[in-house]
Amino acid sequence: MQCAGNTLARNLLRYLAVGVIAFTAPSLAQNPARSPGRIHFLLQSREVVEGHLKSFSTKNSEREALIRQWFADAGCKGANLSEQALDRKLPPNVICVLPGETQRVIVVGAHTDKVDSFGDGVVDNWTGAVLLPALVDSLGGQLRHHTLIFVGFSCEEEGLVGSRYYVDHLTNAQRARIEGVVNFDSLGLGPTEVWVSHADKVLLDALASVAAGSKLPVTAMNVDNLGTADSESFARYGIPRITLHSVTQKTWPILHSPSDKMAAVKMNDYYDSYKLIAEYLAYLDDALKPAAAPNVEKTAH
């Protein structure tokens, strides 16, 4: 998560707002088998997820390479796995595409880089990057309605460079096909939080529905004027977006500090975030389908 420099300390109490999401959307069945056609996904074991999390590198180029390798291990290969070189001498964006029944798109993103010189960058944002290939594995077992595009964004810490480059280099037609961007940044410091003030209502309502049905915790935690995230690169084009994180008033100082290490991650909360996001994406794929045309029976007169 890109922090807002010297304004952080004095604005922290003013802008870090917390609240409980109103669960007004219809609940989902906790067991996927009870919701045919809606919630089908698999989960990597906690041991696998934790093992990848512990395999972090403090070099941004190596972090990108690891995510690319794990994309391939999850079955993303050939033309569906690519790198997008940036204009500068920077690590590329790494992209995995899961083709769907349609060309309507859901983008799933997290930045792979860490801020230079401070900590190991495990929380910010190796926790988010590691989930990208895990989610490809979770959702790739069946054909989805939407094409799911997973992007490990480079150089978020230098000013959202990778995400801006990605969305700026799409055509107008490609941007118009994106129905939602789900971004996650700095997970595992506690239960899942959502940046409500910078979230699309449809995406937020879907998250509330999934959380209520799965009994997994999520609360509202806004970080306005404290920092920003890759989701905001898409907001510039009016593309619906939502960012999930785990930052609170107590844990915010861990970011961009020597304390950003593996020891800061609470694995129970982190794995719960993974489960929530996997179920959320599976549900969102169905929820964003266009409404079926009514079946009007013709009557002879």
Side-chain angles (χ1 to χ4, degrees), residues 1-5 7-25 108-111 115 119 121-131 156-157 160 163 180-235 240-257 259-260 264-281 284:
M1 185 170 285
Q2 189 191 20
C3 298
T7 64
L8 175 59
R10 67 173 180 268
N11 286 337
L12 183 58
L13 293 176
R14 181 180 178 188
Y15 291 108
L16 204 55
V18 62
V20 178
I21 298 177
F23 295 117
T24 56
V108 184
H111 71 89
V115 69
V122 176
V123 174
D124 186 11
N125 182 39
W126 194 235
T127 55
V130 162
L131 290 193
E156 187 263 6
E157 300 292 3
L160 313 184
S163 56
V181 175
V182 179
N183 183 65
F184 24 95
D185 196 332
S186 303
L187 299 168
L189 292 173
T192 313
E193 311 283 355
V194 57
W195 192 2
V196 170
S197 61
H198 285 228
D200 175 77
K201 185 180 184 302
V202 172
L203 301 182
L204 191 63
D205 286 349
L207 178 66
S209 181
V210 171
S214 65
K215 305 298 189 292
L216 290 169
V218 60
T219 54
M221 183 68 71
N222 296 325
V223 292
D224 304 61
N225 291 9
L226 288 176
T228 189
D230 285 311
S231 53
E232 301 312 286
S233 296
F234 294 83
R241 89 290 198 196
I242 190 169
T243 287
L244 305 178
H245 63 94
S246 67
V247 177
T248 65
Q249 179 180 333
K250 181 179 179 180
T251 60
W252 182 270
I254 292 173
L255 305 189
H256 296 193
S257 83
S259 299
D260 188 350
V265 178
K266 298 178 180 178
M267 277 306 303
N268 288 338
D269 291 327
Y270 180 61
Y271 196 68
D272 278 351
S273 290
Y274 166 48
K275 291 189 289 184
L276 176 67
I277 293 169
E279 185 167 354
Y280 176 53
L281 292 174
L284 199 60

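Since we're looking at a predicted model, the values are computed, not measured.
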For a 4.5 angstrom cut-off between non-hydrogen side-chain atoms, does [X] reach [Y]?
{"X": "V130", "Y": "Y270", "value": "yes"}
{"X": "T127", "Y": "F184", "value": "no"}
{"X": "N125", "Y": "E156", "value": "no"}
{"X": "L276", "Y": "S214", "value": "yes"}
{"X": "L189", "Y": "T248", "value": "no"}
{"X": "L187", "Y": "I277", "value": "yes"}
{"X": "L255", "Y": "S186", "value": "yes"}
{"X": "D124", "Y": "H111", "value": "yes"}

Next item on the list: Mark yes or no for whether D260, through its side chain, and V123, through its backbone, hold a donor-acceptor pair below 3.5 Å.
Entry: yes
*Between the main-chain N or O of L203 and the side-chain N or O of Y280, is there a donor-acceptor pair closer than 3.5 Å?*
yes
For D230, the side chain to side chain donor-acceptor pair (under 3.5 Å) test, sequence neighbours excluded, returns S163
With sequence neighbours left out, the residues meeting side chain to side chain donor-acceptor pair (under 3.5 Å) with D269 are none
Indicate the atoms forming the closest heavy-atom contact of [X] with [Y], along with that distance.
{"X": "T243", "Y": "S231", "value": "OG1-OG, 2.6 Å"}
{"X": "A264", "Y": "I254", "value": "CB-CG2, 4.2 Å"}
{"X": "M221", "Y": "V247", "value": "CG-O, 3.0 Å"}
{"X": "L160", "Y": "E232", "value": "CD1-CB, 4.5 Å"}

Item to complete: Output, in order, the C-alpha distance, side-chain angles, deciding distance and verdict of side chain to side chain contact (heavy atoms under 4.5 Å, CB included) for I242 and L204.
Response: CA-CA 7 Å; I242 190 169; L204 191 63; 4.2 Å; yes
How far apart are the C-alpha atoms of N222 and H198, what are their side-chain angles, what is the distance that settles it, and do they pass the side chain to side chain donor-acceptor pair (under 3.5 Å) test?
CA-CA 8 Å; N222 296 325; H198 285 228; over 6 Å; no
query = Yes or no on side chain to side chain donor-acceptor pair (under 3.5 Å) for E193 and S246, after CA distance, side-chain angles and deciding distance?
reply = CA-CA 5 Å; E193 311 283 355; S246 67; over 6 Å; no
